[in-house]
Colleague: 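Just dropping this structure here.
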Number of protein chains: 2
Amino acid sequence: MSQTVDRALSILPLLAQGPADLGQVAERLGVHKSTALRLLRTLHEHGLVHRQQDQRYRLGARLFALAQEAVENLDVREIAHPYLAALNEQIGHTIHLAVYEEGEVLYIDKVESRYPVRMYSRIGKPVAITVAAVAKLLLADLPEPERRAVAAKLDYPPYTPRSTPNAAAFLKELATVREQGWATDLGGHEESINCVGAPIRGADGRVVAAMSVSAPNVVVTAEELLTLLPLVRRTADDISREYSGTTPTKEASA
Amino acid sequence: MSQTVDRALSILPLLAQGPADLGQVAERLGVHKSTALRLLRTLHEHGLVHRQQDQRYRLGARLFALAQEAVENLDVREIAHPYLAALNEQIGHTIHLAVYEEGEVLYIDKVESRYPVRMYSRIGKPVAITVAAVAKLLLADLPEPERRAVAAKLDYPPYTPRSTPNAAAFLKELATVREQGWATDLGGHEESINCVGAPIRGADGRVVAAMSVSAPNVVVTAEELLTLLPLVRRTADDISREYSGTTPTKEASA
DNA sequence: GTCCAGCGTTGCAGCAACTGCAACGGTCAT
DNA sequence: ATGACCGTTGCAGTTGCTGCAACGCTGGAC
């Protein structure tokens, strides 16, 4: 929409392919050298472009700083909440959002069920890490050594007969979860409660958070809950898209 | 130099601090709303800016992709990483790699005590330039006039009582560092954290990057950390050798 | 040592593109 | 239902961007 800015920004992906000198930039932009020079100078002043000793231009380090700062100020919870609320509006069950931090999995958001029966959980409270669907999702994406280290250090309390019994079983479960891209907890924490969950990913593809839908047996059976899985996964993907800043331009978003 | 582009680029650091709506952007830019809108639209078309559901703007995925590509073009990082990982394996502490660019010192790689972290963790963050060991190493090697200019322009925040107090002290410290070929930060940034660092040099002998090992007092004392210095220097020298020996660059374009 | 070629840089005249205004339509809260 | 607010649009004025042409510098050829 703005010609000048449009041209200037077109320089960035061009330089991303490798360093280029003024003439090359001008040619590939289809503008006069002096025009390219002025654009490059402006980019340079903002640190987005760096000039190396041989006078060629390449992408500048401030790009890192910007990306870094942006990520630090990104709040998954804030972005996810409207989606969670909408999903809750649609299906009615309790919805959780959790993150992994320093060997723990913590709930950071929760939208209560509309039904009278509620499960006990609290925002900020550590999750039952060996059984919860969100915990499986988050741990499944850890780098292999850390995943093993965490799994080895955990206790495996037998909340119910279906609870994860030990580290070996847990790691196997994590492999399955990583493979299929979703997770469940079918009565592993409390006999009568089932959950299905899906991961939320950042721009680099890493799992930054996980969400789950929980419902007691008396309201929906495990099979019925599983029919919600596509919806849950789609919601998680929507959140991922929003979180990572992927722009769905020109594409009909399903 | 180019007003339009200058304004457009000024939006980026503004949005890095957090999402903002059209009115806020226009106000902080000092332009009319319609002008800000056109700039934001252009940034949006290039994917640098993302519009979230509440219509506010934040930085977009393309920026992260560009930052990623830019960091991959820094071949020091690729060469150094295996060495950093190996050293981390051996001594366990956190290891940083940093470069100097345009008056700033930036971390471009980091190996955590426990596991390797990719781009979006801490990397890209500007270093506490007046106290960090890597910053001293990089600035110590600048040509004299530039070194003085940079030192004069810096702030000298008193993070701790041991922080570098002013430009004169800083320049003196840089002279020492240049002389001895290594640097430390003993509680100058955070009371309980010490670092030792060494320079990585290119074929021409100039410092192209710097690495450091950091550890909290509670784990190792400053004296113990200093016993690692020969190891750190040897690693840095190994990296320097490989970096200056290979020289695969400069021919990669077209 | 001289000349030529190539590149980055600068000042300027012309005008294309950007700016800001004012008015419109939508949403939300009162 | 009403009003306030925000994003959006079309337009006239003119700002500031564009491309030209000329200059200085560097490096290579002879």
Side-chain angles (χ1 to χ4, degrees), chain A residues 1-12 14-15 17-60 78-79 81-83 85-86 89 242 245 247-250 253, chain B residues 1-12 14-15 17-60 102 143 204 249-254:
Chain A
M1 281 261 139
S2 167
Q3 190 193 55
T4 317
V5 178
D6 185 49
R7 285 171 171 170
L9 297 183
S10 299
I11 293 177
L12 297 178
L14 197 154
L15 291 185
Q17 297 168 10
D21 61 33
L22 179 61
Q24 293 168 337
V25 172
E27 187 191 7
R28 301 202 47 180
L29 271 182
V31 298
H32 195 270
K33 280 188 304 178
S34 59
T35 303
L37 179 67
R38 217 161 334 101
L39 298 177
L40 280 165
R41 276 226 256 258
T42 310
L43 290 168
H44 180 88
E45 278 182 7
H46 285 259
L48 299 184
V49 147
H50 175 68
R51 195 149 201 200
Q52 34 189 43
Q53 292 86 341
D54 60 2
Q55 287 199 325
R56 292 191 305 169
Y57 295 92
R58 47 156 255 245
L59 293 184
E78 190 184 336
I79 289 171
H81 191 81
Y83 293 89
E89 191 71 22
E242 173 94 31
T247 308
T249 42
K250 306 171 198 166
S253 50
Chain B
M1 283 277 158
S2 166
Q3 189 193 58
T4 317
V5 178
D6 185 48
R7 285 172 169 170
L9 297 183
S10 300
I11 293 177
L12 297 179
L14 197 153
L15 291 185
Q17 296 169 10
D21 62 33
L22 178 62
Q24 293 168 337
V25 172
E27 187 190 6
R28 300 205 45 183
L29 235 55
V31 299
H32 195 270
K33 278 189 305 178
S34 58
T35 303
L37 179 67
R38 216 165 319 106
L39 298 177
L40 281 166
R41 275 225 257 259
T42 310
L43 290 168
H44 181 84
E45 277 182 8
H46 285 259
L48 297 182
V49 147
H50 174 68
R51 191 148 203 199
Q52 35 187 46
Q53 287 196 324
D54 59 1
Q55 288 199 325
R56 291 190 305 168
Y57 296 92
R58 46 158 283 234
L59 294 186
E102 315 270 343
D204 55 359
T249 43
K250 310 281 186 182
E251 232 80 76
S253 60

Colleague: To the side chain of A:Arg7, which of C:dT19, D:dG19, D:dT9 is closest?
Modeller: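 Given the options C:dT19, D:dG19, D:dT9, the side chain of A:Arg7 is closest to D:dG19.
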
Colleague: Is a side-chain donor or acceptor of A:His46 paired with a backbone partner of A:Leu48 at a separation under 3.5 angstrom?
Modeller: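 Not a single qualifying donor-acceptor pair exists.
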
Colleague: For DNA chain C, whose closest nucleotide is more 5', that of B:His32 or that of A:Leu37?
Modeller: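 It is A:Leu37 whose nearest nucleotide is closer to the 5' end.
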
Colleague: Ignoring hydrogens and geometry, is there a side-chain-to-backbone donor-acceptor pair from B:Ser10 to B:Asp6 under 3.5 Å?
Modeller: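 Judged by distance alone, yes, a pair lies under 3.5 Å.
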
Colleague: Does A:Arg41 have a side-chain nitrogen or oxygen under 4.0 Å from the phosphate oxygens OP1 or OP2 of D:dC17?
Modeller: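 No, outside the criterion.
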
Colleague: Verify the contact: side-chain N or O of B:Gln3 to OP1 or OP2 of D:dG16, cut-off strictly under 4.0 Å; return yes or no.
Modeller: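 Looking at the OP1 and OP2 atoms of D:dG16, one of them is under 4.0 Å from a side-chain N or O of B:Gln3.
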
Colleague: For DNA chain C, whose closest nucleotide is more 5', that of B:Gly30 or that of A:Leu22?
Modeller: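 Looking at DNA chain C, the more 5' nearest nucleotide goes with A:Leu22.
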
Colleague: Please determine whether a side-chain nitrogen or oxygen atom of A:Thr4 lies at a distance below 4.0 Å from atom OP1 or OP2 of D:dC17.
Modeller: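 Negative; the distance criterion is not met.
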
Colleague: Please tell me if B:Ser34 has a side-chain N or O lying less than 4.0 Å from either OP1 or OP2 of C:dT19.
Modeller: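 So the side-chain polar atoms of B:Ser34 never come under 4.0 Å of the phosphate oxygens OP1 or OP2 of C:dT19.
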
Colleague: Is a donor-acceptor contact shorter than 3.5 angstrom present between the side chain of A:Thr35 and the base of D:dC17?
Modeller: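 Result: no qualifying N/O pair found.
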
Colleague: So, A:Tyr83 versus B:Gln53: side-chain donor-acceptor pair below 3.5 Å or not?
Modeller: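 Yes, B:Gln53 and A:Tyr83 have a side-chain donor paired with an acceptor closer than 3.5 Å.
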
Colleague: Quick check for you: among D:dT8, C:dT19, C:dG8, whose closest atom lies nearest to any side-chain atom of B:Arg38?
Modeller: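 Per side-chain heavy atoms of B:Arg38, the pick is C:dT19.
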
Colleague: Ignoring hydrogens and angles, tell me if any N or O in the side chain of A:Glu45 forms a donor-acceptor pair with the backbone of A:Thr42 under 3.5 Å.
Modeller: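 Between the backbone of A:Thr42 and the side chain of A:Glu45 there is no qualifying donor-acceptor contact (under 3.5 Å).
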
